[in-house]
Amino acid sequence: MGQTMTLDALALGQRPSGRTALRARWILGHAGGTHRLLENAELVIEGQRVLYVGPAFPGEVARRIDLGQVLVSPGFVDLDALSDIDTTLLTVDYGPGWAKGRVWPQSYVDRGPYEMYTPEELAFQKRFAFAQLLRNGITTALPIASLFYRAWGETVAEFEAAARAAGEMGLRVWLGPAYRAGGMVCTAPGVLEPQFDEARGQQGLDDALAFADRIAGYCDGLIQPMLAPDRVETCTLPLLRRTMAAAAERGLPVRLHMAQGRMERKTVEALHGTTAPRWLATHGLLHDRLIAPHAVEATDDDLRLYADHGVTIAHCPLVYARDGEMLRSFRKCRDMGIRIGMGTDTAPPDMVLNMVIGLMMGRAAEGGAAGLTTAEIFDAATIGGADALGRADLGRLAPGCLADIAIFDLSDPGFAPTIDPVQTLVFGATGRVTRAVFVDGRLSMRDGKVAGIDMEAARDQVQRQFEGLLAKYPDRTWGHPAVTDLFPPTYPPVMAD
Ligand SMILES: [Zn+2]
């Protein structure tokens with residue numbers, strides 16, 4: 001019947017040969033269109049896929065692993081997955097953005113914007129971010145990063161490095177370098193204007209398409225392409241037309257940030273005389289492979305368009321809650337029939353934290369607990385994201401599904417008492433109890449360790465790299481203030497004599 005062992009017996013980064021039975025106190029399986037909780041049950045992995053979920057497996061297995069007091073759960077699907085050393089953190093207590101390096105001043109545009117990281121640093125930050133996602137139980141990621149510190153868009157070279165990193169580390173990804181035909185420029189204090197370069201946008205799309213055609217299905221299907229035009233206000237109609245046509249031809253998901261902020265709303269209104277979703281709908285550019293973060297500025301008309309055209313909202317509660325903003329509301333969107341997936345978007349890239357904040361904000365938006373159920377937010381982080389990608393074999397654990405699994409340690413003393421394993425996890429508000437992760441049947445993370453990266457050394461490199469970036473902030477900030485004036489400490493520092 002196979003030897004009983006612990007998880008330590010498996011090799012990190014490897015797919016175990018033969019069948020592996022995972023025995024656990026709780027397993028979140030899937031049947032009849034919903035997640036279902038099993039107690040004292042087994043899940044059997046064979047190759048890349050789940051073979052069985054249920055009571056003790058009667059067939060032969062190569063090994064049986066007793067996991068104890070854990071929740072075996074489908075790994076999370078992150079539609080807006082933080083993939084750089086987060087700079088959004090620098091906006092939380094500092095603003096306005098134009099005065100703090102979040103909008104390029106005309107003087108920086110005139111001198112010629114430059115890459116603030118080296119190619120090696122760009123590759124490293126993706127690798128580090130991928131490890132962080134795995135450590136938080138995220139098994140599928142659509143990376144997102146800031147373009148503010150870039151010369152223009154993302155490069156194919158860094159995405160080729162990202163594809164290699166995801167393959168080595170064992171993270172399922174949809175990859176596409178972000179491109180744009182324009183950018184916002186600060187021309188006077190508080191005055192922001194879009195400036196466009198159509199040719200550059202079209203070149204970005206050409207490069208993204210060549211990359212997409214090259215990497216599709218790389219690594220046994222672990223790496224898939226997507227198209228990632230950056231924010232809607234930096235895209236032109238010809239660029240979006242070609243993007244959506246190419247995506248339809250190839251069946252690719254497209255991620256486009258829209259209805260996400262007040263500056264965008266004002267800019268799109270000035271350029272096109274309407275909201276971004278209405279502008280796209282008018283030109284027949286909304287479709288059911290479109291993933292649109294974040295909908296916090298969506299009007300009722302925008303939401304109806306999302307419902308009519310099958311657009312998925314990528315919901316990222318943490319990054320907005322920090323600024324006192326929220327999706328209004330999760331309940332309303334679901335009642336309208338809009339699909340909702342989730343994203344991390346900022347540091348910490350913690351889906352559990354995002355779920356609990358999403359749950360609280362969703363209830364606050366409706367003024368009561370009827371605003372949202374724990375099952376709905378958990379579904380969004382698993383099934384919602386998988387369905388947005390058209391993948392019924394992701395986001396759930398049933399025979400035939402890919403073995404993308406997160407194992408959460410519920411024996412953690414901080415998690416006592418357990419009420420119900422899913423509630424305990426969500427209300428516990430941290431993904432740090434992620435004990436292990438399987439992706440595509442491979443053990444990608446165990447006890448915080450990920451194959452292909454030394455997290456201790458990486459932590460130091462992240463800090464060095466971040467400080468290097470901070471030192472360049474004055475170059476791209478209006479009036480070029482000193483870093484100490486841009487980002488003063490929370491409390492005044494003690495001055496040395
Ligand atoms: Zn976002």
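One-based numbering along the sequence shown. Read the numbers this way: they start at 1 and go in the same order the structure lists the ligands and their atoms.
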Between the NZ atom in K126 and the CG atom in L175, the distance rounded to the nearest 0.5 Å is 8.5 Å

Nearest 0.5 Å, please: how far is CG in L394 from OG1 in T140?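 It is 5.0 Å, given to the nearest 0.5 Å.
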
Cationic tip of R262 above W98 ring, under 6.0 Å, 45° of axis: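 No cation-pi geometry.
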
Pull up every protein N/O/S atom sitting under 2.8 Å from the Zn ion (ligand 1), skipping waters.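 Listed by chain and number, the atoms are D80 OD2, H257 NE2, H294 NE2, D345 OD2.
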
For H294, all residues meeting ring-ring contact (aromatic ring centres under 6.0 Å, His included), sequence neighbours excluded: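 In terms of ring-ring contact (aromatic ring centres under 6.0 Å, His included), with neighbours along the sequence ignored, H294 is linked to H257, Y320.
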
Given the rule in the ring-ring contact (aromatic ring centres under 6.0 Å, His included) test, do Y149 and Y473 qualify, once you have shown the distances and angles that lead to the verdict? CA-CA 9 Å; Y149 52 79; Y473 255 71; 8.7 Å; no

Is there a ring-ring contact (aromatic ring centres under 6.0 Å, His included) between F76 and F408? Walk through the geometry before answering. CA-CA 12 Å; F76 300 125; F408 300 109; 5.7 Å; yes

